[in-house]
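Hydrogens, waters and symmetry mates are skipped; everything else that's a heavy atom, side chains included, is used. The structure presented is a predicted model; accordingly, all values stated were derived computationally and were not measured.
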Amino acid sequence: MFPAPTAAALRAPAPPAAAVRAPAAPATPTPAVPLGDPCAPTGRSFPLTTRIHGGPAVYEAGGGYSVWYLDLTNTTRHTCADVHPVVVLVDERHVLKPSQPRLEFYDGPRTRAVRFERTDEDELVGAFGGAGLTVGPGKTLTVKVRLALTQDAAPNEVTVNAAVVQRHGDDGDWVGQSNAYRFGIDTDPNPNSNLSPSPNPNSSPHPDPATTPEGLPFTDAVAELASTGPGVAAAVLATVSLLLVTVGAILRARGRR
């Protein structure tokens with residue numbers, strides 16, 4: 001038999017309800033939208049579909065700026081941050097100098113200049129500096145760009161491509177590539193020849209993100225990596241790596257200025 005409770009025990013107040021309430025289950029945190037790394041390319045797919053449009057067929061050397069646009073469409077479910085388009089100019093006569101194209105892109109209300117460097121293949125390469133662009137999942141970011149040529153630019157035919165690099169410190173991933181935009185310098189205009197056809201004839205203004213589009217000089221070689229021997233593959237990878245290294249050096253130099 002249990003002993004009867006004492007009078008003092010009977011007079012003691014009951015514990016507060018809060019003291020005996022069962023603890024609430026911890027709240028499940030809302031998962032954050034993944035940032036950065038999930039935008040790395042997989043296989044031959046680029047996560048950012050890239051398109052140049054709206055530019056003129058002919059530029060006048062010494063004339064004013066003409067405007068065109070660069071669309072970046074994020075085909076993933078992740079946010080792609082620290083994205084830097086890299087404009088590559090290839091001129092038919094190999095005489096275009098880095099100082100002759102005056103390229104600027106709009107960063108909000110202000111413009112930022114893109115400075116070009118010459119590669120060993122006589123290409124002019126210029127990276128968009130600043131903090132980099134951010135494209136939300138499933139979103140399209142349109143960047144306004146303007147271009148002029150200095151008065152000493154010789155008559156020529158020029159092809160523009162835009163590679164897109166996502167920066168990771170001093171390294172980076174190649175995450176997008178545009179169609180080719182062709183224009184003349186002081187040449188007869190041909191309005192039907194300034195943009196290359198879409199890599200996928202069944203797609204609408206945006207190329208098929210499932211296939212690496214054509215355009216940059218080393219793209220075809222990259223597409224053949226799977227069927228080449230180790231020596232050729234190493235050479236192609238060295239070309240792509242050289243682009244990334246060049247872009248990284250340009251961006252670091254911009255950051256110090």
Side-chain angles (χ1 to χ4, degrees), residues 27-55 67-88 103-112 114 126-147 160-169 171-181 194-216 218-219 222-223 225-226 240 243-244 247-248 251:
T28 302
T30 302
V33 176
L35 186 68
D37 289 343
C39 291
T42 57
R44 295 181 60 192
S45 297
F46 283 138
L48 291 180
T49 299
T50 308
R51 186 171 73 102
I52 297 174
H53 62 97
V67 171
W68 42 275
Y69 300 90
L70 180 65
D71 288 347
L72 303 174
T73 300
N74 185 350
T75 62
T76 76
R77 293 178 296 175
H78 308 280
T79 296
C80 294
D82 208 357
V83 170
H84 296 266
V86 181
V87 175
V88 181
L103 183 69
E104 298 179 349
F105 70 97
Y106 284 80
D107 182 4
R110 62 170 294 188
T111 59
R112 291 182 180 271
V114 176
F128 285 26
L133 306 175
T134 299
V135 188
K139 302 296 184 180
T140 296
L141 175 67
T142 298
V143 183
K144 184 178 179 182
V145 181
R146 65 181 189 175
L147 174 66
V160 182
N161 288 278
V164 183
V165 173
Q166 185 181 35
R167 192 177 180 188
H168 303 290
D171 199 358
D173 289 320
W174 184 20
V175 295
Q177 179 189 313
S178 75
N179 55 317
Y181 163 40
N194 65 328
L195 287 175
S196 66
S198 170
N200 181 357
N202 298 319
S203 67
S204 73
H206 301 297
D208 184 355
T211 305
T212 302
E214 298 177 357
L216 293 181
F218 48 79
T219 303
V222 172
L225 272 177
V240 177
L243 173 67
L244 294 177
V247 171
L251 292 174

(request) May I have the step-by-step check of side chain to side chain contact (heavy atoms under 4.5 Å, CB included) for V87 and F105, ending in yes or no? (result) CA-CA 11 Å; V87 175; F105 70 97; over 6 Å; no
(request) Could you check V164 against F46 for side chain to side chain contact (heavy atoms under 4.5 Å, CB included), going step by step and ending with a plain yes or no? (result) CA-CA 9 Å; V164 183; F46 283 138; over 6 Å; no
(message) Would K139 and N74 count as a side chain to side chain contact (heavy atoms under 4.5 Å, CB included) here? Give the steps.
(response) CA-CA 6 Å; K139 302 296 184 180; N74 185 350; 5.5 Å; no
(message) How long is the straight-line distance from CD of Q166 back to CG of D82, given to the nearest 0.5 Å?
(response) 7.0 Å
(request) Please say which of N161, L72, V160 ends up in a side chain to side chain contact (heavy atoms under 4.5 Å, CB included) with S178. (result) N161
(message) To the nearest 0.5 Å, what is the distance between CG on L147 and CG on L103?
(response) 5.5 Å
(message) Set out, in order, the CA-CA distance, both residues' side-chain angles and the distance that settles side chain to side chain contact (heavy atoms under 4.5 Å, CB included) for F128 and V145, then state yes or no.
(response) CA-CA 11 Å; F128 285 26; V145 181; 4.2 Å; yes
(request) To the nearest 0.5 Å, tell me how far L48 CG sits from T75 OG1. (result) 7.0 Å
(message) Looking at every non-hydrogen atom in both residues, tell me the closest pair between C39 and V175 and how far apart they are.
(response) O-CG1, 3.5 Å
(request) Only counting residues at least two apart or in another chain, list the ones meeting ring pair (Phe, Tyr, Trp, His ring centres under 6.0 Å) with Y69. (result) H53
(request) Check T50 against A162 and note the closest heavy-atom contact, atom names and distance. (result) CG2-O, 4.4 Å
(message) Does anything in residues 103-112 form a salt bridge (charged side-chain N to carboxylate O under 4.0 Å, His left out)? List the pairs, not counting sequence neighbours.
(response) E104-R146, D107-R112
(request) Starting at CG of L70, measure out to CZ of R51 and round the result to the nearest 0.5 Å. (result) 10.0 Å
